[in-house]
Enquirer: 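Submitted below is the structure of interest, expressed as structure tokens.
Numbering of ligands and ligand atoms starts at 1, following listing order.
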Amino acid sequence: MTPFIDVPSHDVLAFLAAHGAKASRLKFIYDHLFRRLTRDWDEMQELPAALRGALAETYALHPLRLDRKDVSALDGTIRYFFRAGDGKEVSAVYLPEPGRVSLCLSSQVGCAYACAFCASGLVNFQRQLSAAEIVDQVLLIAIDQNRCPTNLLFMGMGEPLANFDEVVKAVRWLAELPGLNLGPSRISLSTSGLVPQIRRLVDEKVRLRLAISLHAASDEVRRQIMPVSGRYGVRELVDAARQYSETLKSAVMFEYILLDGVNDDPAEAAKLAGLLAGFDNRVNLIPYNPIAGLPYRRPSPERILAFQRRLTESGLVAFVRKPKGLDIGSACGQLGAAV
Ligand code: SAH
């Protein structure tokens, strides 16, 4: 069944006309879906029953179905599990913090990029999510929580820029949806570093907060942990990020996972500072979150601090990201198969 969110408004207008309904019903339905956060066609009691029935037979109001959720006992993070029409599982994470609510969204089922430290890379790529399925993660969580998010993160399962068209469509919808009041500065997208697609973001003027999973300062180290780096070198990647930042006047964030004994040597921090010199953007250090079956370890707190200090001494702004929902497998990199 066609997801309603995916249907252009002129087609909905034609459908309404064919069923003898007024054009003003369109705004009413959008209002229900995006502002009143309606679950089901049946809740739109003000519509004539025959029209409601016809809509329900033709369009799925929500392409995903809420399957279950796990709540973290540590910090209130919630991992949502949805089911798509074809039975595929889709995960998203609800991250409540004082003064803000972020949602971490998935863009694909599985992931083809196979980063050595990431659980999503252990799940074979299965398929792209449609823009409607991406937007629906936001709507269904907003319905369940009875509140709208303040920030969206394209940092869940999948490589968002490998699903370019649907992700960009979803970003544009989400930035404009009437009920959400989000705008481009509240939408972050993290990429493993697909250089041509970063350039496409520039060409198509897709404004958002871009995050680059850099994770190493040299091609030599990066190749050990990220197969994608065989295609694009770190210099080329940083140049593309710089072009994005300068052309769209939008800050870029660099993510750097800290893996004990792999990329956490202070000498690597110095290299990183050299690579990012003169580039006024911040670095987010992500201490490794454990994944069953993987050989990596998180560095000691002293070593993490030493790495951070080395970056700040070189004039970079560097933060250490706190893991969220570690007990329910919802921290960065943990969205693999259901736990
Ligand atoms: N594919 C995109 C989106 C994933 S975002 C990307 O690669 O950027 C998730 C972030 O968490 C990325 O920076 C990713 O590299 C990082 N990550 C993956 N596995 C991790 C782990 N085990 N511990 C900490 N961070 C991890």
Enquirer: Between Phe81 and Arg68, is there a cation-pi geometry (under 6.0 Å to ring centre, at most 45° from the normal)?
Expert: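 Judged by the rule (NZ or CZ under 6.0 Å from the ring centre, within 45° of its axis), Arg68 counts as positioned above Phe81.
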Enquirer: Quick one, Arg200 and Phe164 - any side-chain contact, counting heavy atoms below 4.5 Å?
Expert: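 Yes - at least one pair of side-chain heavy atoms lies under 4.5 Å apart.
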Enquirer: Among all protein heavy atoms, pick out the one at the shortest distance from atom 5 (S) of ligand 1; state its residue, atom name and that distance to 0.1 Å.
Expert: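 The closest heavy atom on the protein side is Met155 O, 3.4 Å.
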Enquirer: Answer yes or no: does an N/O atom from Ser213 fall short of 3.5 Å to an N/O atom of ligand 1?
Expert: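 Between Ser213 and ligand 1 (N or O atoms, distance only) the closest approach is under 3.5 Å.
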Enquirer: Phe117 to ligand 1: N or O pair under 3.5 Å?
Expert: yes
Enquirer: In the protein, which heavy atom is nearest to atom 2 (C) of ligand 1, and how far is it?
Expert: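 Looking at atom 2 (C) of ligand 1, the protein heavy atom closest to it is Ser190 O, 3.3 Å.
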Enquirer: Which of the numbered atoms in ligand 1 are below 4.0 angstrom from a heavy atom of His215?
Expert: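 What qualifies from ligand 1 is 13 (O), 14 (C), 15 (O).
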Enquirer: Can you list the ligand 1 atoms lying under 4.0 Å from a non-hydrogen atom of Cys118?
Expert: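 This gives 18 (C), 19 (N) as the contact atoms.
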Enquirer: If you look only at pairs with a residue in residues 13-38, which of them pass as a salt bridge (charged side-chain N to carboxylate O under 4.0 Å, His left out), with sequence neighbours excluded?
Expert: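 Qualifying pairs: Asp31-Arg35, Asp31-Arg36, Arg36-Glu46.
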Enquirer: Say whether Arg321, considering both its backbone and side-chain N or O atoms, lies within less than 3.5 Å of an N or O atom on ligand 1.
Expert: no
Enquirer: Is any side-chain N of the basic residue among Lys169 and Asp6 closer than 4.0 Å to the acidic one's carboxylate O?
Expert: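 Salt bridge present between Lys169 and Asp6.
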Enquirer: Are Gly158 and ligand 1 in contact, using a heavy-atom cut-off of under 4.0 Å?
Expert: yes
Enquirer: Which protein heavy atom lies closest to atom 10 (C) of ligand 1, and at what distance to 0.1 Å?
Expert: Glu255 OE2, 4.1 Å
Enquirer: How far is atom 18 (C) of ligand 1 from its nearest protein heavy atom, and which residue and atom is that?
Expert: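 Checking every protein heavy atom, the shortest distance to atom 18 (C) of ligand 1 gives Gly333 CA, 3.4 Å.
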Enquirer: Just to confirm my output: which protein heavy-atom neighbour is closest to atom 11 (O) of ligand 1, and how far is it?
Expert: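 It is Cys332 CB, 3.5 Å.
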Enquirer: Could you see which bit of Ile291 sits under 4.0 Å from ligand 1, with heavy atoms only: side chain, backbone, both or neither?
Expert: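 It is the side chain that touches ligand 1; the backbone stays farther off.
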Enquirer: In this structure, are over 12 heavy atoms from other groups packed under 6.0 Å from Asn146 atom CG?
Expert: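 No, because the 6.0 Å sphere around CG of Asn146 holds 12 heavy atoms or fewer from other groups.
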Enquirer: Going by ring pair (Phe, Tyr, Trp, His ring centres under 6.0 Å), name the residues that satisfy it together with His62, two or more places apart in sequence or in a different chain.
Expert: none
Enquirer: Tell me which part of Glu159 gets within contact of ligand 1: side chain, backbone, both or neither, using heavy atoms under 4.0 Å.
Expert: both
Enquirer: Going by the atom numbers of ligand 1, which of them fall below 4.0 Å from some non-hydrogen atom of Ile257?
Expert: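 Counting atoms of ligand 1 from 1, those under 4.0 Å from Ile257 are 20 (C), 21 (C), 23 (N), 24 (C), 25 (N), 26 (C).
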Enquirer: Any side-chain to backbone donor/acceptor pair from Arg79 onto Gly329? Under 3.5 Å, distance only.
Expert: yes
Enquirer: Under a heavy-atom criterion of less than 4.0 Å, does Gln334 contact ligand 1?
Expert: no
Enquirer: Do Tyr113 and Phe125 have ring centroids that are under 6.0 Å from one another?
Expert: no
Enquirer: For Glu313, is there an ion pair with Arg310 - N to carboxylate O distance below 4.0 angstrom?
Expert: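 Between Glu313 and Arg310 there is no salt bridge, as every charged N stays at least 4.0 Å from the carboxylate O atoms.
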Enquirer: Under 3.5 Å, is there a donor on one side chain and an acceptor on the other for Tyr80 and Gln145?
Expert: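 Yes - a donor-acceptor pair under 3.5 Å links their side chains.
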Enquirer: Please write down residue, atom name and distance for the protein heavy atom closest to atom 23 (N) of ligand 1.
Expert: Asn289 N, 2.8 Å
